Structures are given as C-alpha cells and as structure tokens.
Amino acid sequence: MTAAAIPAVPFLDLAAPYEELHTEIDRAVSRVLRSGRYLLGPELADFEASFAQYCNRPHCVAAGSGSDAIELTLRALGVGPGDEVIVPSHTFIGTWLPISATGARPVPVEPEPELYVLTGEGIEAAITPRTRAILPVHLYGHPADLDAIAAVADRHSLPVVEDAAQAHGSRLRGRVVGSGPSVAAAFSFYPGKNLGAFGDGGAVVTGDAELAERLRLLRNYGSRTKYVHEVEATNSRLDEVQAAILRIKLDRLEEWNARRRAVADTYRQGLADVDRLVLPRTAEWAESAWHLFVVRARSRADRDDLVTALSAAGVGTIVHYPTAVHRSAVYTSRYPAPFPVAEALADQVLSLPIGPHQPESATARVVDVVKEWAR
Ligand SMILES: *Cc1c(COP(=O)(O)O)cnc(C)c1O
C-alpha cells in the first residue's frame with residue numbers, strides 16, 4: 001500500500017465539534033444575533049451559572065481569555081510590582097505572562113518529573129517573604145495535588161490560584177478541578193481546549209463572593225453601573241455568542257472527555273511495550289481530562305526522529321512546549337539559572353494526536369507507526 005492511500009491523522013480536528021453540534025449551535029447563534037444583546041446578557045449569565053455548577057463552586061466570572069482570567073484574578077488579590085508568584089518551570093508561557101502583566105515576578109519551581117506538575121514540597125522551598133500567590137498548573141489535564149499544595153499555602157497564609165486551562169473535568173480524589181481547595185481556578189476556552197469556544201474566552205470560578213465581585217468590576221471598566229467607574233480596570237468579556245455556544249458544549253464535556261480517555265487507553269495499551277518512550281503516568285488520586293497525550297523520548301534527537309517518522313506517515317504531532325519558559329526570548333535575560341527538568345522536557349516531550357472526535361482507526365494507526373519506529 002502506498003502512503004497516499006492511508007488517510008492522514010491530524011493532530012486535532014477543530015471543526016469536528018461544530019459538525020457534531022451544528023443544528024443546536026446554529027439555532028443558538030441565530031437566537032443571539034436576532035436578540036440585539038451581544039455582551040453581558042442572559043447567555044453569559046446562564047453559562048456562568050452552569051459552569052459554576054459544573055465546577056461545584058458558587059461563583060463563575062467569565063473573561064475574554066484564559067490569560068485575562070489569570071491576570072484579573074491576581075489583580076483582584078492585590079498582586080503587583082515587587083510581589084512573587086510561584087509557577088511551574090514547565091508550562092505554557094500563558095501561565096507566566098499574566099503574572100508579569102501585573103508587575104509581579106514569576107518564580108519557577110521544577111515539576112515532579114513523572115507527572116509534570118508541582119508538588120507541595122517543591123513550592124514550600126521557593127516561598128520567600130515576597131511570595132504573594134501560588135499558581136499551580138494542571139498540565140496536559142493531569143491535576144496537581146491541590147490538597148498537598150493547599151496545606152503548604154495555608155501554613156504560609158498564601159492564596160492558591162489554579163491554572164486550569166487544560167483541566168476542564170479533571171478530577172482530584174474524585175472532586176472536579178475548580179471545586180477547591182484553592183481560592184480560585186482560571187479556565188481558558190481557547191478553541192483547542194477541552195471546553196473550547198469558536199474564538200477566545202476564559203473564566204474564573206471561586207467560592208469567594210467578594211473576589212467574584214471584584215472580578216466583575218475588573219473585567220468591565222471598573223463599573224457595575226454604566227458610566228460609574230469605581231476602580232482602574234480593563235475590558236475583558238465573554239460575548240453572548242460564545243457564551244451560548246459554550247453552554248451547549250458544556251453539556252458534552254463529560255462525554256467528550258470520556259472519548260479522550262478512550263484514545264488515551266488505546267495508546268497506553270498499544271504502546272506499553274515501547275521502551276524507547278515514557279508514557280504519561282496518572283497518579284492513583286487523579287483522573288486526567290486528557291487534554292494532551294504526551295510521550296517522552298530519551299533525548300532530543302530521539303524525539304525529533306519520532307516526529308520525522310510520524311510526519312512521514314501523515315500523523316500530526318506538536319511539542320508542548322519546545323522552549324522552556326525561562327529560555328524564551330522574553331524571559332531569558334531575567335532567568336540565568338538553569339531549570340534542568342523543564343529544559344529536558346522541552347527537548348524530549350511529544351504530544352500524539354488526541355481528541356473527542358478522533359476515530360479509533362486513527363488512534364490505531366498512530367500506535368502502529370510508533371511501534372514500527374521503535375522496532
Ligand atoms: C491556554 C493556556 C493558557 C492561556 O489561555 P488563553 O485562553 O489562550 O489566554 C494559560 N495557561 C495554560 C496552561 C494554557 O494551556
């Protein structure tokens with residue numbers, strides 16, 4: 001058989017969710033467009049209430065992006081110049097930049113080398129008198145151990161803000177991510193996330209009514225009442241069209257995460273004997289939302305060799321993320337010290353295709369290509 005006869009496997013089919021839900025989505029979009037109300041209306045209120053309920057938290061405040069959700073939360077907590085915020089060394093730069101935007105300094109801590117998330121001990125060692133908040137990331141959909149992190153935070157009277165951009169529906173000891181024990185959790189609705197809009201969006205869930213109220217001010221010109229401005233603030237809102245679409249997709253989140261899990265299970269079974277790769281591990285207390293399925297090679301050369309083999313077979317892959325955040329151009333001069341775990345991961349990780357609409361045949365094909373490569 002020639003390569004051309006075998007269908008390519010995209011890294012992620014972003015149009016498939018629309019194809020599955022187009023009747024409902026078309027109806028909702030048309031309803032919003034006909035309503036004449038495009039911002040801060042009933043669709044947003046309905047989505048916020050529904051997402052708060054899904055996360056088992058009393059309050060949800062949506063924003064224009066996940067980055068804004070993080071930044072506004074930090075601002076609402078009073079984080080600013082001179083402050084330090086503890087972050088993972090290994091994450092998307094979107095965890096760090098909102099901290100820098102407040103004027104505070106991201107303080108990187110190396111992740112646990114098998115789960116790729118922060119631990120309580122790692123965080124505790126990095127706390128200084130300037131630390132103002134702890135920002136763990138549930139990377140690739142695997143939760144950080146918030147119970148351990150909250151215990152450290154409580155000892156030092158520091159707030160924990162979760163970067164849950166990759167963890168809609170992940171669970172920690174049976175509890176859905178966002179439900180606590182943090183002060184707040186920030187989500188992204190970027191199209192490729194487990195709960196994705198058709199554009200940008202984000203949200204914060206919290207149990208703190210005052211924090212929620214401050215967030216509502218900060219996202220809307222510092223205003224509760226039109227033309228009455230109480231604080232310096234910005235404009236960062238989730239529009240009515242995106243809110244209506246996200247409300248529909250929220251009802252599919254559990255089912256779509258289960259389909260992601262099925263892809264992950266197929267990979268884990270099919271690739272169990274491939275000793276050229278380390279497969280993702282799941283802690284016994286965790287349920288991953290499988291935002292990404294990330295394998296680790298022994299070296300950069302080996303990882304790049306696998307990329308070449310998969311690409312030649314028509315399989316799309318992405319490296320999350322190819323440059324450690326402290327080594328990226330914006331940060332490198334301010335972070336001269338090495339972070340060896342983050343640097344090794346940038347060299348060695350590779351994300352295989354995964355998504356709720358990935359056919360079993362595609363997953364099986366990826367398994368075959370990887371096994372052939374490893375032979
Ligand atoms: C996507 C993402 C962000 C940023 O969210 P946006 O909606 O793209 O602004 C932040 N942190 C992590 C870990 C992410 O994956």
Side-chain angles (χ1 to χ4, degrees), residues 11-12 14 47 51 60-75 85-102 106 108-109 111 115-118 133-144 146 149 160-170 177-178 182 184-205 215 218-219 234-239 242-243 245-246 249 257 260 280 288-294 318-326 328 330-331 342 345-346 349 351 354-355:
F11 179 71
L12 176 65
L14 275 175
F47 173 70
F51 194 62
C60 170
V61 182
S65 69
S67 301
D68 284 355
I70 297 170
E71 182 184 334
L72 297 184
T73 303
L74 295 174
R75 286 190 189 280
V85 178
I86 292 175
V87 287
S89 56
H90 177 64
T91 181
F92 177 50
I93 197 168
T95 307
W96 288 38
L97 287 172
I99 299 168
S100 300
T102 70
V109 170
L115 301 175
Y116 312 141
V117 291
L118 292 186
I134 299 168
L135 188 32
V137 181
H138 308 304
L139 198 69
Y140 307 148
H142 190 294
L146 285 178
I149 293 170
V160 176
V161 176
E162 298 165 63
D163 180 342
Q166 303 187 356
H168 321 69
S170 301
V177 157
S182 63
F187 290 85
S188 164
F189 306 125
Y190 172 80
K193 302 287 160 83
N194 288 40
L195 179 58
F198 295 106
D200 279 315
V204 183
V205 297
L215 286 166
L218 288 176
R219 75 169 176 191
T234 188
N235 168 17
S236 177
R237 304 178 298 209
L238 184 72
D239 67 68
Q242 299 298 347
I245 292 168
L246 285 166
K249 292 181 87 181
N257 278 353
R260 288 176 180 272
S288 178
W290 292 109
H291 175 58
L292 296 170
F293 190 92
V294 178
I318 302 184
V319 172
H320 295 97
Y321 298 89
T323 306
V325 183
H326 67 287
S328 71
V330 292
Y331 286 118
L345 287 170
V349 294
S351 304
I354 192 168

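We count ligands from 1, going down the list as the structure has it; atoms in each ligand are counted the same way. All figures in this text were calculated on a predicted structure; none of them were measured in a lab.
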Enquirer: Find out whether His138 and Leu146 are in side-chain contact, i.e. whether some heavy atom of one side chain is under 4.5 Å from a heavy atom of the other.
Expert: yes

Enquirer: Please enumerate all residues that pass side-chain hydrogen bond (donor to acceptor under 3.5 Å, both in side chains) together with Tyr321, with sequence neighbours excluded.
Expert: Gln166

Enquirer: With a cut-off of 3.5 Å and sequence neighbours excluded, list every side-chain donor-acceptor pair involving residues 92-101.
Expert:
unit_1 : atom_1 : unit_2 : atom_2 : d
Thr95  : OG1    : Thr91  : OG1    : 2.7
Thr95  : OG1    : Phe92  : O      : 3.3
Thr95  : OG1    : Asp163 : OD2    : 2.8
Trp96  : NE1    : Pro88  : O      : 3.1
Ser100 : OG     : Tyr331 : OH     : 2.5

Enquirer: Please list, one pair per line, the donor and acceptor atoms closer than 3.5 Å that link side chains of residues 194-205 to other protein atoms, with sequence neighbours excluded.
Expert:
unit_1 : atom_1 : unit_2 : atom_2 : d
Asn194 : OD1    : His291 : ND1    : 2.9
Asn194 : ND2    : Asn257 : OD1    : 2.8
Asn194 : ND2    : Ala289 : O      : 2.9

Enquirer: I'd like to know if the side chain of Thr234 reaches the main chain of Arg219, judged simply by a donor and an acceptor atom lying under 3.5 Å from each other, with no hydrogens or angles considered.
Expert: no

Enquirer: Donor-acceptor pair, His90 side chain versus Val117 backbone, under 3.5 Å?
Expert: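 Between the backbone of Val117 and the side chain of His90 there is no qualifying donor-acceptor contact (under 3.5 Å).
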
Enquirer: Pick out the protein N or O atoms lying less than 3.5 Å from any N or O of ligand 1, and list each pair with its distance.
Expert:
unit_1   : atom_1 : unit_2 : atom_2 : d
ligand 1 : 5 (O)  : Ser188 : OG     : 3.3
ligand 1 : 7 (O)  : Gly66  : N      : 2.7
ligand 1 : 7 (O)  : Ser188 : OG     : 2.6
ligand 1 : 9 (O)  : Gly66  : N      : 3.4
ligand 1 : 9 (O)  : Ser67  : N      : 2.8
ligand 1 : 9 (O)  : Ser67  : OG     : 2.6
ligand 1 : 11 (N) : Asp163 : OD1    : 3.4
ligand 1 : 11 (N) : Asp163 : OD2    : 2.7
ligand 1 : 15 (O) : Gln166 : NE2    : 2.8
ligand 1 : 15 (O) : Lys193 : NZ     : 3.0

